[in-house]
Amino acid sequence: MAAASGSVLQRCIVSPAGRHSASLIFLHGSGDSGQGLRMWIKQVLNQDLTFQHIKIIYPTAPPSMFLLLGGFSMGGCMAMHLAYRNHQDVAGVFALSSFLNKASAVYQALQKSNGVLPELFQCHGTADELVLHSWAEETNSMLKSLGVTTKFHSFPNVYHELSKTELDILKLWILTKLPGEMEKQK
């Protein structure tokens with residue numbers, strides 16, 4: 001794989017011509033790199049793909065075992081869809097204040113899965129009135145019943161927001177999934 005130069009995520013960025021107000025992440029295919037995809041597009045268009053207000057980021061993906069997917073609210077939902085439907089070889093998934101609906105395509109995909117699944121790290125505030133805590137618990141239970149190893153953390157009196165405690169626990173989990181060189185040697 002062209003991206004295997006250490007565990008450093010390389011990226012190629014095309015800045016907008018004008019004031020930056022939006023971003024596009026353009027992902028490459030298997031065996032390619034961010035720079036390779038940018039060059040290919042440049043070759044097809046005879047110029048860079050550019051926009052007046054959009055920054056384009058072409059990341060080069062490292063081997064998938066060094067990749068975590070996650071996000072807050074809808075971002076966590078998207079991460080679960082991406083990982084459990086298409087990229088079950090990632091190191092892990094985190095979903096903060098997120099849920100999947102009862103008929104989610106993720107559940108259908110996992111029913112057909114027969115491999116090792118990435119662990120899910122999930123956090124949710126008990127006072128969340130936008131995405132109910134019970135929805136997150138239900139998501140966690142369903143994923144667990146389909147073979148996903150999960151870690152679920154509830155935070156009393158936390159609404160649809162991030163808390164310092166939550167982020168501190170997430171940071172520790174991230175370091176267990178993606179240890180640095182010193183931690184690997186221990």
Side-chain angles (χ1 to χ4, degrees), residues 1-98 100 104-106 109-110 112-113 115-123 143 148-149 151 162 166-185:
M1 186 177 216
S5 60
S7 60
V8 177
L9 180 66
Q10 300 172 352
R11 66 181 189 270
C12 177
I13 297 175
V14 177
S15 297
R19 186 171 168 266
H20 176 218
S21 63
S23 297
L24 165 68
I25 299 173
F26 206 136
L27 303 175
H28 64 79
S30 180
D32 202 352
S33 67
Q35 185 67 32
L37 178 59
R38 179 184 177 190
M39 292 299 115
W40 187 16
I41 290 170
K42 214 173 183 176
Q43 184 179 24
V44 171
L45 295 176
N46 291 319
Q47 64 180 32
D48 254 326
L49 178 63
T50 59
F51 297 92
Q52 188 65 27
H53 65 292
I54 301 171
K55 176 195 291 186
I56 304 174
I57 304 161
Y58 297 94
T60 296
S64 58
M65 63 186 204
F66 299 111
L67 184 63
L68 291 176
L69 297 173
F72 176 81
S73 194
M74 183 59 77
C77 176
M78 290 174 60
M80 288 186 280
H81 272 271
L82 186 58
Y84 296 120
R85 292 175 67 194
N86 302 353
H87 296 283
Q88 295 179 356
D89 56 348
V90 297
V93 181
F94 65 90
L96 312 175
S97 300
S98 304
L100 296 171
S104 175
V106 170
L110 290 175
K112 299 172 188 162
S113 177
V116 176
L117 300 169
E119 181 179 69
L120 173 65
F121 178 91
Q122 203 174 356
C123 294
L143 290 172
V148 176
T149 301
K151 290 186 182 343
L162 295 171
E166 173 183 28
L167 293 175
D168 287 342
I169 294 170
L170 173 63
K171 185 177 177 181
L172 292 173
W173 179 80
I174 289 170
L175 289 172
T176 66
K177 293 295 178 184
L178 303 175
E181 291 304 315
M182 293 303 288
E183 289 80 12
K184 286 180 189 174
Q185 294 173 1

Test applied, side-chain contact (heavy atoms from CB on, under 4.5 Å); reference residue, C123; option that passes from L96, L162, L170
L96

What is the distance from atom CG of D48 to atom SG of C12, rounded to the nearest 0.5 Å?
7.5 Å

Locate the shortest heavy-atom distance separating T60 from G34; write the atom from each residue and the value.
OG1-N, 2.8 Å

Which pair of non-hydrogen atoms, one from G76 and one from S98, has the smallest distance, and what is that distance?
CA-OG, 3.3 Å

Which heavy-atom pair separates S113 from Q88 by the least distance, and what is that distance?
OG-OE1, 3.0 Å

With sequence neighbours excluded, give me every side chain to side chain donor-acceptor pair (under 3.5 Å) pair touching residues 69-83.
S73-H160, H81-R85

Could you list the residues that satisfy salt bridge (charged side-chain N to carboxylate O under 4.0 Å, His left out) with E166, not counting sequence neighbours?
none

To the nearest 0.5 Å, how far apart are CD in Q122 and OG in S97?
9.5 Å

Rounded to the nearest 0.5 Å, what separation is found between the CZ atom of F121 and the OG1 atom of T176?
9.0 Å

With sequence neighbours excluded, what pairs up with F51 under the side chain to side chain contact (heavy atoms under 4.5 Å, CB included) test?
L49, I54, I56

Take the angle between the ring planes of W173 and F94 and call it parallel below 30°, perpendicular above 60°, tilted in between.
perpendicular

Closest heavy-atom pair, P59 versus I57, reported as atoms and distance to 0.1 Å, is CD-O, 3.2 Å

Smallest heavy-atom separation, P118 atom then Y84 atom, equals O-OH, 2.8 Å

Please walk me through it: do L100 and L143 pass side-chain contact (heavy atoms from CB on, under 4.5 Å)?
CA-CA 10 Å; L100 296 171; L143 290 172; 4.3 Å; yes

Closest heavy-atom pair, A91 versus K177, reported as atoms and distance to 0.1 Å, is O-CD, 3.6 Å

Roughly how far apart are K55 NZ and L24 CG, rounded to 0.5 Å?
12.0 Å

Count the heavy atoms belonging to other residues, nucleotides or ligands that lie under 6.0 Å from CE of M39, then report whether that count exceeds 12.
yes

